[in-house]
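First comes the structure, then the notes that go with it.
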Amino acid sequence: MSMNTFNWKVAGLSGEGIMVSGLIFSKTSSRHGFYIFDYTEYPSIITGGHNTYQVHAGIEPVYAQKEKLDLLLAMNANALVEHLDELTSNSLVIFDSSDDKINIAEFNLPCKSLDLPMVKLAKEMGATRLMGNNVGLGASAYLLGLDLEILNSVIHDIFARKGQEVVDLNHKAAKAGYEFARNAKAAGQLGNWDFAAFEKQEYPESRVTFTGNEAVALGSVAGGLKLFAAYPMTPSSSVLHYLAAHEDKAGIVVKHAEDEISAINMALGASFTGVRSMTSTSGGGFAYMTEALGLSGVSELPLVVFESMRPGPALGMPTWTAQGDLQFVVTASQDEFPRFVFAPGDAQEAFEMAKLSQELAEKYQGLVILLSDKYLSESRYTAELAVTKLSHERHGFNQNPVSDETGFYPRYKIDKENAISMRSVPGQQGGEHINNSYEHDEYGLATEESQMRISQMDKRKRKLKLMKSEIPQQFYSGSLEDEITFISFGSTKGPLLEAQRQLAANGKKVGVLNLTWLSPFPIEQVSKVIKESKRVVVVEGNQCGQLANLITQETGIKLEENYRRYDGRPFYAEEIIKFINK
């Protein structure tokens, strides 16, 4: 068992409180001052099916989920079947033989187990069957050296809206599990199984835990977001839910639109009035939005689109993860216009890049696509965030627009010295112009005249040079001594960093270059790292190597070696290490 992390999982029937139980345990671990990373798996049905919530916690930063478990809280027999291969001789399994008629001998476990009567203990105190989950949480807390009072504080926060009576019953359930586990260990029922618990850590005020989607929501508000319109689509939906729950406090307008087409057009309408706006969706909904992306491009309206990927084609696997939309979002829409495409690698980057997206969309009067996936969107991370100021600086507005002899304001003025023309908004005297989806002249009036078409296309393209000047150094953890350099994008960063750390402990050096800027592409840095590396492997969550193809397109360098996954599951550090050792 690791001396500085623990890996805990609860598994059972979807719809029976698995997600809430996992969240409680995660928050409990975090309030001890531990770094955490959560990962959940669930089927795309309301009830039934298999559901898991995994918490990897430690006194040092943790970057990803872990394959082998220290403690499995199995809420039914199927949990033992599904996760048997994740157990080692150092693991411990908690189960309830009476609830699901489990005969533990049939499973031939490689480790110790504790038969905990979760349902019985809960019902004895007048609680419901589902409160047996908290009996299991109490036992888990004791066995991993966690403080019962901290667990109870989380239970209070989670269930407070249901009333004190419910909170008290859940507290009693947790205590019953805690005491049962204490007595079982004292009685020698766990044999020589023990966990080298680590002490509660300092919890700085700047440290927070949130999911990738919560980070996107908060970062967008910090970036000055004022209108958010979306139609729910897993795994992007929780951005809508989170912002709707906090819209009054944040001072924003949140609209649950009737479909994705309405959502993106609402956001564009708000942008036309000078409001910073945003929409969100997954791959299928993004397909509906494609026509309106062109409206943002031709009318030079600022717009942020959050797209959280899942496996396709079509509806695919709604609750699983993938990185298969990369080439789609980089080129989506009719004809050509510049856009930013960002893919944060963790929740902290998601916050920072969501904030930046609002600013850059307005600064360059155009489209920013923030790309995520189920793995990043719904996993929970520890991040360090100091108090941040809201972005109040505005860009590109003409405070005193003047119409010329035509009676219109030259909103799209051709100026070879400045690709970004000054905007006016509805209601400004002297700022009258047309805004529509047709190619247009300087006033926005539709035109099919040859030279004006060329001039407006060239005007929009000139933004690209300025946009490239914004590209920061991409995340790179490596050196010239590395045996292998991994190149990835987005959420694959975490498993690669976890693998890098484990390999370094065994004297093996690997580097990680993780890209968050995909358009405009960081050509110089990527080319330099590739040329200086002994061996390069591209790691991505799709079948055809979309990142590898993008690298070739942008740098002219063809990379032959790859490690890809497209079964809906994220990468694991252990699998990456096996790949290297081959």
Side-chain angles (χ1 to χ4, degrees), residues 42-46 211-217 220 225 227-244 253-271 277-297 301-334 339-344 350 353-354 357-358 361 366-378 437 490-491 518-519 541-542 546 568:
Y42 57 96
S44 55
I45 51 180
I46 303 301
T211 66
N213 278 359
E214 290 169 350
V216 166
S220 299
L225 176 69
L227 179 131
F228 179 82
Y231 182 79
M233 189 173 189
T234 305
S236 69
S237 302
S238 58
V239 176
L240 171 62
H241 301 157
Y242 189 86
L243 287 173
V253 174
V254 177
K255 296 292 290 182
H256 179 157
E258 60 268 35
D259 55 43
E260 291 86 354
I261 297 172
S262 295
I264 192 170
N265 284 317
M266 285 181 187
L268 284 167
S271 181
S277 62
M278 176 179 173
T279 186
S280 72
T281 188
S282 185
F286 187 77
Y288 287 125
M289 293 179 176
T290 303
E291 184 180 19
L293 302 181
L295 178 57
S296 170
L301 286 175
L303 175 67
V304 178
V305 178
F306 175 65
E307 205 264 55
S308 186
M309 297 177 284
R310 69 190 203 189
L315 293 180
M317 297 163 58
T319 61
W320 298 89
T321 199
Q323 292 184 310
D325 295 351
L326 172 58
Q327 290 184 335
F328 181 25
V329 302
V330 168
T331 59
S333 191
Q334 323 83 1
R339 88 274 307 272
F340 290 103
V341 178
F342 302 146
M353 299 191 85
S357 294
Q358 290 293 325
L367 176 64
V368 179
I369 300 174
L370 195 59
L371 191 61
S372 180
D373 52 38
K374 185 265 181 185
Y375 183 56
L376 170 59
S377 285
E378 297 189 350
S437 61
S491 67
L518 300 166
S519 178
N542 54 66
Q546 296 183 28

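Residue numbers run from 1 in the order of the sequence given. Heavy-atom basis, side chains included; hydrogens, waters and symmetry copies ignored.
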Is the shortest heavy-atom distance from the side chain of Thr234 to the side chain of Ser282 under 4.5 Å? no

Donor-acceptor pair, Thr319 side chain versus Tyr42 backbone, under 3.5 Å? yes

How about Pro232 and His256: do any of their side-chain heavy atoms sit closer than 4.5 Å? yes

Between Lys255 and Met266, which heavy-atom pair has the shortest distance, and what is it? CB-SD, 4.1 Å

Do Leu225 and Val304 come within less than 4.5 Å of each other through their side chains, counting heavy atoms only? no

Pair Asn265, Ser262 - check side chain to side chain donor-acceptor pair (under 3.5 Å), show working. CA-CA 5 Å; Asn265 284 317; Ser262 295; over 6 Å; no

Any donor-acceptor pair under 3.5 Å linking the side chain of Ser296 with the backbone of Leu301? yes

Is any side-chain heavy atom of Phe342 closer than 4.5 Å to a side-chain heavy atom of Ser357? yes

Which residues pass the side-chain contact (heavy atoms from CB on, under 4.5 Å) test with Ser238, sequence neighbours left out? Asn213

Test your reading of the model: is there a side-chain donor-acceptor pair from Gln546 to the backbone of Gly324, 3.5 Å cut-off? yes

Glu378 side chain reached by Thr211 side chain, heavy atoms, under 4.5 Å: no

Straight-line distance of Asp373 CG to Asn542 CG, nearest 0.5 Å: 11.0 Å

Can you find a pair of side-chain heavy atoms, one from Val239 and one from Phe306, that are under 4.5 Å apart? yes

Could you give the distance from CG (Leu295) to CE (Met289), rounded to the nearest 0.5 Å? 13.5 Å

Heavy-atom check, side chain of Tyr231 versus side chain of Thr281, under 4.5 Å: no

Would you say Thr279's side chain and Ala229's backbone share a donor-acceptor pair under 3.5 angstrom? yes

Leu518 vs Ile369 side-chain heavy atoms within contact, under 4.5 Å: no

I need the single residue from Leu371, Val341, Leu293 that forms a side-chain contact (heavy atoms from CB on, under 4.5 Å) with Val305. Which is it? Leu293

Does the side chain of Ser377 pick up a donor-acceptor pair with the side chain of Ser372 at under 3.5 Å? yes

Donor-acceptor pair, side chain of Ser271 and main chain of Ala267, under 3.5 angstrom: no

Any sub-3.5 Å donor-acceptor pair from Arg339's side-chain atoms to Ala332's backbone N or O? yes

